Amino acid sequence: IMDNVSIITVFTLSGLSNIANYRVILFFLTLLCYCVIWLVNLTIIVTVIVDKSLHEPMYIFLCNLCFNGLYGTAAFYPKFLYDLLSTTHVISYAGCLLQGFVLHSSVCADCSLLALMAYDRYVAICRPLVYHSLMTKQRVCILIFFAWIIAFYLLFMSTITTAVLRLCGSHIPRIYCINWLINNLACSASVAKIIIPAFNYTFCVGHVLFIFWSYVHLIKTCQSSKENWNKFMQTCVPHLFCIIVVVVSFLFDMLYLRFGSKEIPQSVQNFMAMEILLIPPIMHPLMYGFKLTKIRNTVLNFICGKIMLRIFLGSR
C-alpha cells in the first residue's frame with residue numbers, strides 16, 4: 001500500500017479486525033452456510049435440467065435465478081473463508097474491482113430475472129390463450145440473454161469508471177469490496193460516484209415497479225376465478241416472497257451503507273453486509289422447492305428412489 005500520491009495496488013479490509021477469539025467457529029459456520037447455498041441451488045438447477053417436464057419458462061427462469069445465487073456468492077465466500085483463517089485481510093486492486101463487479105451484477109441479474117418471472121406469471125394467468133405463442137423457447141432464451149447481458153453491461157461501465165479514478169486511500173471498512181466504497185476513496189468527486197450508481201439504482205427500481213404493476217393486474221384477474229386464485233397461490237406466492245426478500249435485503253444494505261452509524265458493533269455491521277449474500281441465495285430455492293409441486297415431487301422421488309435402491313442393495 002503506497003502513499004496517496006502513488007498507485008494503489010492493495011486494499012485493506014477492516015471488517016474482520018476483532019474476531020481472533022471466535023475465528024474458527026465463524027469459519028465453520030460460514031462454510032456450513034456456503035455448503036447449504038450450493039446444495040439447495042444445485043438441487044434446483046440439476047432437477048430442472050434433468051427433468052424434461054420442467055423445461056418450461058417459469059422453471060428455466062428459476063434455474064437461472066439459482067445459478068445467479070451461486071455466481072454472486074462465489075465472489076464472496078471463498079475469499080471470506082480465507083480471510084477468517086488469515087491474520088492479514090487484504091485484497092488486490094484487480095481482485096477488489098472483480099469482486100465488486102460480480103456482487104453488483106448478481107444483484108442486477110436478480111432484479112432482471114425476478115421481473116421476467118413476474119412477466120411470465122402475468123402472461124400465464126392474465127393472458128393464458130396467448131401464453132404459448134408469446135413464451136416460446138426462442139423468446140425465453142432471448143429474454144434470459146438480455147437479462148444477463150444488461151446486468152453485465154451496466155456493471156462493466158460502473159467498474160470501468162471506478163477503475164480510472166485516482167485514489168487517495170486504501171482502507172475499505174467492510175468484509176468485501178463494492179464500487180461505492182472504492183469511489184469514496186477517490187481524491188475528487190467524479191461521475192462514477194454519482195451518475196453511474198444513480199442509473200443502476202434506477203434500473204433496479206424500474207424492475208421493481210414493473211413487478212408491482214404485474215402483480216396488481218394478477219391479483220385483479222385472480223379474484224374473479226377460484227382456479228386462477230389457486231394458480232396464483234401455487235406459483236406466484238413463492239415469487240412474491242423472493243421479491244420481498246431481495247428488495248428488503250437490497251434496501252437494508254444500501255441504506256445502512258449510506259446512513260448507518262459507525263457506533264454499531266463490528267459483528268452487527270458484518271451481518272448487515274452478509275445478509276444479502278446469505279438470505280436470498282438460500283430462500284429462493286427453498287421457497288420454490290417447497291411450494292412448487294412439480295419440483296418438490298421430482299426431488300422427493302429422486303431421494304426416495306435412492307433410499308429404496310440402497311435398501312434393496314443392502315438386503316441382497
Side-chain angles (χ1 to χ4, degrees), residues 13 15-16 19 22-51 54 58-86 99 102-107 109-111 113-114 117 174-178 237-250 252-253 267-307 310:
L13 302 171
L16 296 174
I19 59 143
Y22 44 95
R23 182 179 295 168
V24 175
I25 296 171
L26 269 179
F27 175 84
F28 283 107
L29 284 175
T30 305
L31 182 62
L32 176 64
C33 288
Y34 193 40
C35 289
V36 169
I37 287 170
W38 263 93
L39 176 66
V40 293
N41 282 282
L42 204 59
T43 299
I44 300 294
I45 292 168
V46 172
T47 301
V48 173
I49 291 172
V50 170
D51 191 342
L54 297 175
M58 180 175 67
Y59 302 110
I60 295 169
F61 292 142
L62 173 60
C63 186
N64 276 266
L65 193 68
C66 291
F67 177 79
N68 186 48
L70 296 180
Y71 163 72
T73 53
F76 168 69
Y77 282 96
K79 167 65 177 159
F80 183 64
L81 287 166
Y82 174 80
D83 284 343
L84 284 171
L85 298 181
S86 176
Q99 189 177 53
V102 174
L103 293 176
H104 282 291
S105 59
S106 177
V107 172
D110 242 13
C111 291
L113 291 166
L114 287 169
M117 293 173 84
R174 216 167 200 206
I175 52 178
Y176 56 79
C177 289
I178 54 173
V237 168
H239 180 244
L240 192 58
F241 185 82
C242 289
I243 292 162
I244 292 168
V245 167
V246 169
V247 171
V248 170
S249 298
F250 177 70
F252 188 75
D253 186 59
S267 57
V268 178
Q269 292 184 40
N270 290 346
F271 176 76
M272 289 176 175
M274 279 186 68
E275 50 90 28
I276 198 167
L277 294 161
L278 176 65
I279 299 170
I282 291 177
M283 292 309 299
H284 287 170
L286 284 182
M287 273 303 297
Y288 279 101
F290 282 122
K291 190 67 180 172
L292 296 181
T293 309
K294 272 190 175 182
I295 288 181
R296 185 174 67 245
N297 289 346
T298 302
V299 173
L300 288 174
N301 287 340
F302 176 78
I303 294 170
C304 292
K306 284 286 185 183
I307 293 170
R310 285 184 180 180

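Bear in mind the structure is a predicted one, so any value in this text is a computation, not a measurement.
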Compare every heavy atom of Leu103 with every heavy atom of Ala75, then report the nearest pair and how far apart it is. CB-CD2, 4.1 Å
As a quick check of understanding, evaluate side-chain contact (heavy atoms from CB on, under 4.5 Å) for Asn68 and Tyr71, giving each step before the final call. CA-CA 5 Å; Asn68 186 48; Tyr71 163 72; 3.5 Å; yes
List the atom of Val40, the atom of Pro281, and the distance in Å for their closest heavy-atom pair. CG2-O, 4.3 Å
To the nearest 0.5 angstrom, please state how far the OG1 atom of Thr73 sits from the CD1 atom of Ile276. 12.5 Å
Quick check for you: to the nearest 0.5 Å, what is the distance between Ile44 atom CD1 and Leu70 atom CG? 11.5 Å
CZ on Phe28 to SG on Cys35, rounded to 0.5 Å: 11.0 Å
Nearest heavy-atom neighbours spanning Thr43 and Leu39: OG1-O, 2.5 Å
I'd like to know if the side chain of Arg23 and the backbone of Leu85 have a donor-acceptor N/O pair within less than 3.5 Å. no
Measuring only between side-chain heavy atoms, which start at C-beta, is Ile282 closer than 4.5 Å to Val36? yes
For Leu26, is there any backbone N or O sitting under 3.5 Å from a side-chain donor or acceptor partner on Thr30? yes
Short question: side chain of Ser106, backbone of Val102 - any donor-acceptor pair under 3.5 Å? no
Measure the spacing between OH of Tyr34 and CD1 of Ile37 and express it to the nearest 0.5 Å. 8.0 Å
Using every non-hydrogen atom in the two residues, find where Lys79 and Gln99 come nearest and quote the distance to one decimal. CG-NE2, 4.1 Å
Distance from Leu278 atom CG to Tyr77 atom OH, nearest 0.5 Å? 4.5 Å
Tell me whether the count of non-hydrogen atoms from other residues, nucleotides or ligands lying under 6.0 Å of CD1 in Ile25 goes above 12. no
From CZ (Phe67) to CG (Leu42), nearest 0.5 Å: 11.0 Å
Sidechain-backbone polar pair: Tyr176 side chain, Ala273 backbone, donor-acceptor under 3.5 Å: yes
On a heavy-atom basis, which atom in Pro280 and which in Pro285 lie closest, and how many Å separate them? O-CD, 4.3 Å
Between Arg174 and Leu13 the two heavy atoms that sit nearest each other are O-CB, 3.4 Å
